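Since this is a predicted model, take the numbers as computed values, not measurements. We use all heavy atoms of the structure for the numbers below, so side chains are in, but hydrogens, waters and symmetry mates are not.
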Amino acid sequence: TDVSSLKTYGYAGLFVINVIGAASILLPSPAAASVFGGGALLSGFLGLPAFVWVGLVAGLGEAIGEFSGYAAGYGGRLFVQDRPEYRRIHGWMERHGVITMFLMSIIPNPLFDLAGVAAGAVQMPVGRFFLSVLGGKIIKDVYLAAIGGLGAAIFTYLS
């Protein structure tokens with residue numbers, strides 16, 4: 001995905017990129033780049049700066065997309081069950097599911113997909129899964145978009 005095309009597709013494109021990016025279990029995606037780019041290229045509205053809107057839209061898209069990992073775990077298709085990282089995260093999910101999902105959502109985290117699978121495997125209630133992931137992803141995407149917007153502002157200032 002060409003991040004500069006975000007201006008053309010706007011917030012709808014940002015949403016779709018993040019749904020698809022989050023739905024691709026254990027595969028790299030352009031979702032993080034779209035959040036940085038969105039913070040730099042998109043405009044705010046209704047009195048809120050772009051980084052807030054980017055965080056809300058991308059966070060919602062990611063939270064929806066993460067249901068793919070949850071469904072894989074819930075359905076018992078545990079293609080990752082032998083990985084030591086998965087076993088550790090599975091234990092955390094059994095004891096502290098909501099806080100585990102929230103904390104793993106707040107930071108860019110390559111192990112997040114394993115947590116989503118573990119959440120499904122322990123049959124974490126769907127509402128708790130969604131709200132904990134949504135909260136963390138919005139926070140993460142707001143600060144990533146703010147960093148993208150700040151970087152663009154600094155670059156423009158120095159040019």
Side-chain angles (χ1 to χ4, degrees), residues 1 3 6 11-40 42 44 46 48-151:
T1 288
V3 174
L6 272 174
Y11 285 100
L14 179 73
F15 178 78
V16 170
I17 289 168
N18 281 277
V19 169
I20 293 169
S24 61
I25 301 173
L26 301 175
L27 297 173
S29 79
S34 75
V35 174
F36 280 115
L42 296 176
L46 296 177
L48 292 174
F51 71 88
V52 172
W53 288 111
V54 169
L56 290 169
V57 170
L60 178 61
E62 282 189 84
I64 291 169
E66 295 299 351
F67 277 115
S68 63
Y70 178 90
Y74 197 90
R77 297 186 304 252
L78 301 182
F79 52 91
V80 294
Q81 67 191 13
D82 294 329
R83 293 178 63 169
E85 305 93 347
Y86 173 78
R87 288 194 298 270
R88 183 175 301 119
I89 293 169
H90 188 275
W92 296 341
M93 290 303 304
E94 288 178 321
R95 293 186 301 280
H96 310 289
V98 170
I99 195 72
T100 298
M101 292 309 300
F102 178 74
L103 292 175
M104 291 194 76
S105 298
I106 290 185
I107 57 171
N109 189 344
L111 297 178
F112 186 83
D113 289 335
L114 297 177
V117 171
V122 300
Q123 297 185 354
M124 179 182 199
V126 171
R128 288 183 184 174
F129 171 80
F130 181 72
L131 291 176
S132 60
V133 171
L134 178 65
K137 294 291 188 177
I138 287 174
I139 291 169
K140 175 191 66 113
D141 290 336
V142 164
Y143 75 73
L144 290 178
I147 292 168
L150 179 62

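- Of all heavy-atom pairs spanning Ala40 and Gly148, the tightest one is CB-O, 3.5 Å.
- Every residue two or more places apart in sequence or in another chain that forms a salt bridge (Lys or Arg N to Asp or Glu O under 4.0 Å) with Glu66 is listed here: Lys137.
- Nearest heavy-atom pair, Ser105 versus Ser132, reported as atom, atom and distance to 0.1 Å: OG-O, 4.2 Å.
- Residues Arg95 and Thr100 form no side-chain contact, since every pair of their non-hydrogen atoms from C-beta on lies 4.5 Å or further apart.
- Taking all atoms of both residues into account, the shortest heavy-atom contact from Ser68 to Ala22 is OG-O, 3.9 Å.
- Two residues are said to be in side-chain contact when any heavy atoms from C-beta on lie closer than 4.5 Å; Leu60 and Ile138 fail this criterion.
- For residues 50-60, there are no salt bridge (Lys or Arg N to Asp or Glu O under 4.0 Å) pairs, not counting sequence neighbours.
- Applying the ring pair (Phe, Tyr, Trp, His ring centres under 6.0 Å) rule to Phe15 yields no partners; only residues at least two apart in sequence or on another chain are considered.
- With contacts defined as side-chain heavy-atom distances shorter than 4.5 Å, the pair Ile139/Phe102 qualifies.
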Practice prompt. Please lay out, stage by stage, how Leu144 and Phe51 fare under the test side chain to side chain contact (heavy atoms under 4.5 Å, CB included).
Written response: CA-CA 8 Å; Leu144 290 178; Phe51 71 88; over 6 Å; no
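- Under the 4.5 Å side-chain criterion, counting only non-hydrogen atoms from C-beta, Val54 is in contact with Val35.
- Counting only distance, with no hydrogens or angles, the side chain of Tyr11 and the backbone of Leu42 share no donor-acceptor pair below 3.5 Å.
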Practice prompt. Check step by step if side chain to side chain contact (heavy atoms under 4.5 Å, CB included) holds for Glu62 and Val133.
Written response: CA-CA 8 Å; Glu62 282 189 84; Val133 171; over 6 Å; no
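- Looking only at side-chain heavy atoms (C-beta outward), Leu46 and Trp53 come within less than 4.5 Å of each other.
- Here the shortest heavy-atom pairing between Ala31 and Ile17 reads CA-CG2, 4.0 Å.
- Proximity of Lys140 to Pro108: side-chain heavy atoms (C-beta onward) are separated by under 4.5 Å at one or more points.
- By the 30° and 60° cut-offs, the orientation of the rings of Phe129 relative to Tyr70 is tilted.
- Residues Tyr143 and Ile107 meet the side-chain proximity criterion, which asks for heavy atoms closer than 4.5 Å.
- From Leu134, atom CG reaches atom CE of Met101 across 12.0 Å, with rounding to the nearest 0.5 Å.
- Between Asn18 and Leu14, the shortest heavy-atom contact is ND2-O, 2.8 Å.
- One finds the CZ atom of Phe112 at 11.0 Å from the CD1 atom of Ile106 (value rounded to the nearest 0.5 Å).
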